[in-house]
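Since the structure comes first, as structure tokens, the remarks are kept for the end.
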Amino acid sequence: MPESFYITTAIDYANGAPHLGHAYEKVLADVLARHARMSGRKVHFLTGLDEHGQKVQQTAMKRGVTPQQLVDEVAVGFREMLSELGISHDDYIRTTEPRHRKVVQEFLSKLHADGLIFKDTKSGWYSVRQEQFLSDKDRDENGAWPEIYGEVTQTTEENYYFRLSQFQPWLVEHIRSHPDFILPRFRQNQVLEFLKEPMNDLCISRPKSRLTWGIELPFDKEFVTYVWFDALTNYYSAVADKGLWPADVHVIGKDILSPPHAVYWPCMLRAMGIEAPRRLLVHGWWTIDKKKASKSAGNATDSLSFARSHGKDAFRYYLCREMVVGQDADFSEASFNGRYKADLGNSLGNLVNRLLNMVGRNCAGVVPAPAADEDPERSVRSLWADARRTYDEAFAEHQVSRALEGLWTFINALNAYIETRAPWKLAKSTEPADRARLDSCLAHVSEGLRLVGTALLPVMPDTAATLLRHIGQPVPSDFGSFDWSLAGSGVKVAEKCILFPQIDPPPAPAA
Ligand code: MSP
């Protein structure tokens, strides 16, 4: 039985259009899912949409549609993004689906019956505009309420609470004893720091007088459950009947690590007697001009257009190469164009065409068998061993940018190897030893590119497949032939291959 691998992304808020931040997370998870499939694991890849809540209700009202109509429309846009980016998810969950509602209500009923959800009355400062209670920490340096809160009044409200605080000692111990629970590791310290302060119990409801667009509490029809209790449960509700729990990896952004994913979610599961997920993989933020890409900044939707103009695979490569998982990265047209031209066009695209040209010109289009084995060949093979080791180690830690960096070191070494061997000179020589060197050179470049093409399948699935086909190789569905084997010799290659066409800049707007 193949080992299973259950991977998820955050479910996106359904109150706006998809943007760069959403796109990146789905691409990252997709690359890990494809890599796991090629590694022989039985993958279940879940993504979806977070459809309830105040903002959705308000936006729908403003637009004069029902919340359901609004989320149905938004869901179309998000699913289009997934298909434009070539995301290979196995399931898409929407929190308005009955299968999700059923599980959320089961959780609520059990925790209520076990005394872990209780009703309480809270009095305090309440922001009408933000629809939330405030604490003194929210005041500005002069002790006043910042403008964003609008009118702030003293309010008393009844709600339901989850006994989160009860699980604090368990959670601290769990995080300490599972050093791979939160990756990258430096994020773990942030969570432990947060857990130094005593936690409050978690308010999980809103009265229907304030919010109707949510899942009704099964034990009190006057309330709906609110935000995280609903949203987090998607990871479980989507596979409740599939025997796939615990999740292997939840891919999330740093803004929703603590407290939602690192605190609420493991404690909710613990309270239910369900195992915690195995890992939280926490990525940073894409910024544009150093500002977080977001709907409200309005700076992020257009960046997706690069997937349309330059192809989804080039965009996927850029996202994976430019952002070190866990750190922030700045998106710009210049850095995108730089990588497109240098890494993709010049280093990789040209290398493929150099091989096809040389094999066409000197060997009637058929990759020769290697006949000489000297220092340059030994060096290429040893550099592949390094790249392969880096690739495997980086993927084990989900560090895709490091894997790609190692691959490009190898691609550049293949280019340098061609310069060293200078096959155009060898082809002119009448020495048999030179002919042997020429054949070896072509065989080694061909084999190097086969391995590069295989390694790139999770990141650039279509481009890597095109590359492999053009050098006469089958497209593997697994890493079974991922070792140096000179499998290329004897195969017929294509005449030429344009993997990364030169894209003209859009015409300047008329004066
Ligand atoms: N609905 C919640 C998540 C619930 S998960 C049970 C949510 N939605 S979101 O639409 O605001 O964000 C979805 C994901 O996109 C989050 O992981 C978030 O970190 C990520 N990103 C949103 N903007 C981002 C960037 N600018 N850069 C990278 N990812 C960011 O939070």
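Counting starts at 1 for both ligands and their atoms, in listed order.
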Contacts of His174 that satisfy ring-ring contact (aromatic ring centres under 6.0 Å, His included) - sequence neighbours left out: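 In terms of ring-ring contact (aromatic ring centres under 6.0 Å, His included), with neighbours along the sequence ignored, His174 is linked to Trp170, His178, Phe181.
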Those residues that, when tested against Trp285, pass ring-ring contact (aromatic ring centres under 6.0 Å, His included) (two or more places apart):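 Trp285 satisfies ring-ring contact (aromatic ring centres under 6.0 Å, His included) with no residue once adjacent residues are dropped.
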First-shell residues of ligand 1 [heavy atom, distance under 4.0 Å]: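 Contacting ligand 1 under 4.0 Å are Ala10, Ile11, Asp12, Tyr13, His19, Gly21, His22, Glu25, Asp50, Trp228, Ala231, Leu232, Asn234, Tyr235, Ile252, Gly253, Asp255, Ile256, His261, His283, Gly284, Trp285, Trp286, Lys292, Ala293.
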Test item: side-chain donor near acceptor, Glu51 and Thr95, under 3.5 Å: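 Result is no, nothing qualifies.
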Donor + acceptor pair across side chains of Gln68, Asp72 (<3.5 Å):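 Checked: Gln68/Asp72 side chains pair up, N/O donor to acceptor below 3.5 Å.
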Partners meeting salt bridge (charged side-chain N to carboxylate O under 4.0 Å, His left out) with Asp230 (sequence neighbours left out):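 Scan of Asp230 (salt bridge (charged side-chain N to carboxylate O under 4.0 Å, His left out), adjacent residues dropped) gives none.
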Validation row, ring centre Phe315 to ring centre His310 under 6.0 Å: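 Distance test on ring centres: not under 6.0 Å, no.
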